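Here's the structure we're looking at; comments come further down.
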There are 2 protein chains.
Amino acid sequence: MRADARRNHARLLKVATEAFAEHGEGASLDDIAKRAGVGSGTLYRHFPTRRALLEAAYAARIDALAERGEELSRELPPGEALTKWLHEVCVATIQVRGLKSLLGTAATDTPLTTCGTLVKSTATTLLTAAQSEGTLRRDLTPTDLLRLTHGIATAAELGSGEREISQYLRLLLEGILSGSSAPVSPH
Amino acid sequence: MRADARRNHARLLKVATEAFAEHGEGASLDDIAKRAGVGSGTLYRHFPTRRALLEAAYAARIDALAERGEELSRELPPGEALTKWLHEVCVATIQVRGLKSLLGTAATDTPLTTCGTLVKSTATTLLTAAQSEGTLRRDLTPTDLLRLTHGIATAAELGSGEREISQYLRLLLEGILSGSSAPVSPH
DNA sequence: ACCTGAACACCGTTCAAGT
DNA sequence: ACCTGAACACCGTTCAAGT
C-alpha cells in the first residue's frame with residue numbers, strides 16, 4: 001500500500017469512529033470523507049460499503065468485548081461470568097452508538113463478519129460452561145442467547161437506557177411469571 | 001374540509017398503507033405523493049411528519065390489536081390471555097412492516113400518540129388481571145411489559161422471524177436459568 | 001496505483017404561484 | 001381554502017481525469 005493510501009485509510013478510520021459515535025450508524029459518509037480531507041471516491045475505495053467502514057471502526061471495541069468475556073470465564077463461576085458478560089454486552093450495545101447493528105450480525109447461525117464470529121465464539125464458551133454447571137437451560141444455543149441479549153438491550157433502550165438493563169436482564173434470566181426463584185443476580 | 005381535500009386525504013392514506021407495507025417505514029414520501037396523484041406539498045399539508053402519516057395509516061391495525069386484547073381478557077384466564085396477546089403483538093410487530101416503531105412509542109410511561117395510549121391501556125388490563133390472579137410478577141409495570149415484548153420481537157426478527165417468537169416469548173415468561181417450572185405455554 | 005471532485009440520481013421539505 | 005410543482009439542500013455512488 002502506498003504511503004498516502006495508508007495515511008488516508010488511518011484518517012478515515014479515526015474520523016469515522018468519531019462520526020459514528022456522534023451521529024450513530026447513519027452518519028453521513030460524505031461528511032466523513034470531507035472531515036478526513038479526502039475525496040468521496042477514496043472513502044469508497046477503502047471501504048466499499050457502510051458496513052465495512054462500521055466494522056473497521058469498531059473492530060477494536062468488539063475485540064475488547066470478546067476478550068473481556070474470556071477473562072470473566074476464567075475469573076468467575078460460569079453462571080456469574082455469563083450474566084456479567086451479557087450485562088456488559090447490553091451496556092455496549094446502548095452506550096456505543098453505531099455498535100448495535102454490528103452486534104446484531106453476531107446473532108446469526110453463521111456470522112459473516114470476523115467480529116461476529118469472535119463474539120459468537122465467546123458466547124459459546126460462556127454458555128457451554130454455564131450449561132455444564134447446570135445453571136443455564138440446555139435448550140439454548142449461543143445464537144438464541146445473543147439474539148435475546150440484543151432484544152433486552154433494545155427493550156432497555158426504549159427506556160432511559162442503562163438504568164433498565166439490570167432489571168430487564170434479570171427478568172430474562174429468571175422469567176417474568178410467578179413462582180421462579182432468583183439464583184443469580186446480574187450485578 | 002373541501003371535497004378535493006378529503007379525496008386527497010383518503011388516497012394518500014390508501015397509497016401510504018401500501019407503500020409502508022411494501023418498503024417498511026422508510027418508504028419514499030415523494031413516491032407516495034406521486035402514486036396518490038398529488039403534489040408533494042399536499043402530502044405535507046395533510047401529514048406534517050412521517051410519523052403522522054405512519055400513525056394514520058396503521059391506526060385501524062392498532063385499534064384491532066387493542067380490541068383483540070380486550071376480547072382475550074374476556075374469553076380466557078388472565079395468564080393465558082396475556083400470553084396469547086403478547087404473542088400476537090410480536091407477530092404483528094414483525095409481520096406488518098412499518099408497525100414496529102409505532103408500537104415502540106407505546107412502550108413509554110406517558111405515550112404521546114393515541115394508538116400508544118390505546119395499546120398501553122390494553123396491556124394494563126391484561127397485566128393487572130394476571131397479577132391479581134398471581135401468575136405474573138408484581139414488580140412489572142405495563143411499560144416494562146411492552147418494552148420487553150418489543151425486545152422479544154426484535155430478537156425473533158434477528159432469526160427467521162415468526163418461528164422464534166413462541167420460543168423466545170416462552171423463555172422470557174419462564175426465564176432462561178435452570179430450575180424454573182413452566183406454568184403457562186404461549187400457544 | 002491511488003486520489004480527486006464533478007456528475008448523477010434520489011430524497012425530504014418549503015413556498016411562491018395558481019385555482 | 002387548497003393544490004401544484006419548481007427550487008433548495010442534502011445524501012450516496014460512480015467514474016473520467018489527473019498525479
Side-chain angles (χ1 to χ4, degrees), chain A residues 1-59 97-102 104-105 112-113, chain B residues 1-59 96-102 104-105 112-113 115:
Chain A
M1 185 141 50
R2 230 165 59 178
D4 55 346
R6 204 165 50 237
R7 197 178 55 239
N8 283 337
H9 186 94
R11 297 186 61 164
L12 279 168
L13 222 45
K14 183 168 174 289
V15 172
T17 308
E18 293 166 5
F20 286 138
E22 192 176 354
H23 300 108
E25 63 162 322
S28 159
L29 296 184
D30 202 54
D31 197 56
I32 289 173
K34 271 198 183 64
R35 279 209 267 166
V38 305
S40 44
T42 303
L43 188 152
Y44 285 93
R45 167 176 296 277
H46 285 287
F47 308 99
T49 66
R50 176 184 293 276
R51 262 230 112 59
L53 183 57
L54 203 59
E55 247 173 82
Y58 284 116
R97 301 195 58 173
L99 203 62
K100 191 177 179 182
S101 73
L102 212 50
T105 64
L112 300 159
T113 61
Chain B
M1 186 142 51
R2 232 165 59 177
D4 55 347
R6 204 164 51 237
R7 196 177 56 238
N8 283 337
H9 185 95
R11 296 187 63 164
L12 279 168
L13 221 46
K14 182 168 175 289
V15 171
T17 308
E18 294 166 4
F20 286 138
E22 192 175 354
H23 300 108
E25 62 162 322
S28 160
L29 295 184
D30 201 54
D31 198 57
I32 289 173
K34 271 196 183 64
R35 279 209 267 165
V38 304
S40 44
T42 302
L43 188 153
Y44 286 93
R45 166 175 298 276
H46 286 286
F47 308 98
T49 66
R50 176 184 293 275
R51 262 229 111 59
L53 183 57
L54 204 57
E55 246 173 81
Y58 284 116
V96 186
R97 303 195 58 175
L99 202 61
K100 192 177 180 185
S101 73
L102 212 52
T105 63
L112 299 160
T113 61
C115 72

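To find a chain, count down the sequence lines: A is the first, B the second, and so on, and within it residues start at 1. Just so it is clear, the structure is predicted and the values come from calculations on it, not from any experiment.
In terms of heavy-atom proximity, A/Thr17 sits nearest to A/Tyr58 at O-OH, 4.2 Å. Closest non-hydrogen pair, B/Ala19 versus B/Arg35, comes out as CB-NH2, 3.6 Å. The nearest pair of heavy atoms linking A/Ala56 to A/Leu13 is CB-CD1, 3.5 Å.
For B/Ala5 and B/Ser40, each mapped to the nucleotide of DNA chain D holding its nearest heavy atom, the one lying further toward the 5' end belongs to B/Ala5.
Here C/dC2 presents its C1' atom at 9 Å from CG of A/Asn8, a figure rounded to the nearest Å. Rounded to an integer number of Å, the gap from CG of B/Asp30 to C1' of D/dA9 is 14 Å. To the nearest angstrom, C1' of C/dT13 lies 17 Å from CZ of B/Phe47. If you take CZ of B/Arg11 and C1' of D/dT4, they are 15 Å apart, rounded to a whole angstrom. Remark: C1' of D/dT4 and CZ of B/Arg2 are 12 Å apart, rounded to the nearest angstrom. The NE2 atom of A/His9 sits 16 Å away from the C1' atom of C/dA1 (whole-angstrom rounding). If you take CG of A/Leu29 and C1' of C/dG5, they are 16 Å apart, rounded to a whole angstrom. In this structure, B/Leu43 atom CG and C/dC15 atom P are separated by 17 Å, rounded to whole Å.
Contact annotation: the side chain of B/Ser101 approaches that of B/Arg51 to within less than 4.5 Å [non-hydrogen atoms, C-beta and beyond]. Here the side chains of A/Val38 and A/Arg11 are not in contact, with every heavy-atom distance at 4.5 Å or above.
Distance from the side chain of A/Tyr44 is smallest to D/dG12 among D/dG12, C/dC3, C/dG12. Among the nucleotides D/dC2, C/dC3, C/dG12, the one closest to any side-chain atom of A/Arg45 is C/dC3. In the set D/dC3, D/dG12, C/dC3, the nucleotide with an atom closest to the side chain of A/Asp4 is C/dC3.
C/dC11 is unpaired under the criterion used here, namely a Watson-Crick or G-U wobble arrangement in which both key atom distances are under 3.5 Å. Shown here, D/dC2 forms a base pair with C/dG18; the pair counts as Watson-Crick or G-U wobble because both key distances fall under 3.5 Å.
Within 4.0 Å (heavy atoms only), B/His46 reaches sugar-phosphate atoms of the nucleic acid but no base atom. No contact: B/Asp31 has no heavy atom under 4.0 Å from any strand.
Proximity of residues 12-28 of chain A to DNA chain D (heavy atom under 4.0 angstrom from any strand atom) is restricted to A/Ala27, A/Ser28.
With no hydrogens or angles considered, no side-chain donor-acceptor pair links B/Glu55 and B/Thr113 at under 3.5 Å.
Aromatic ring pairs are classed by plane angle as parallel below 30°, tilted from 30° to 60° and perpendicular above 60°; the pair B/His9 and B/Phe47 is tilted.
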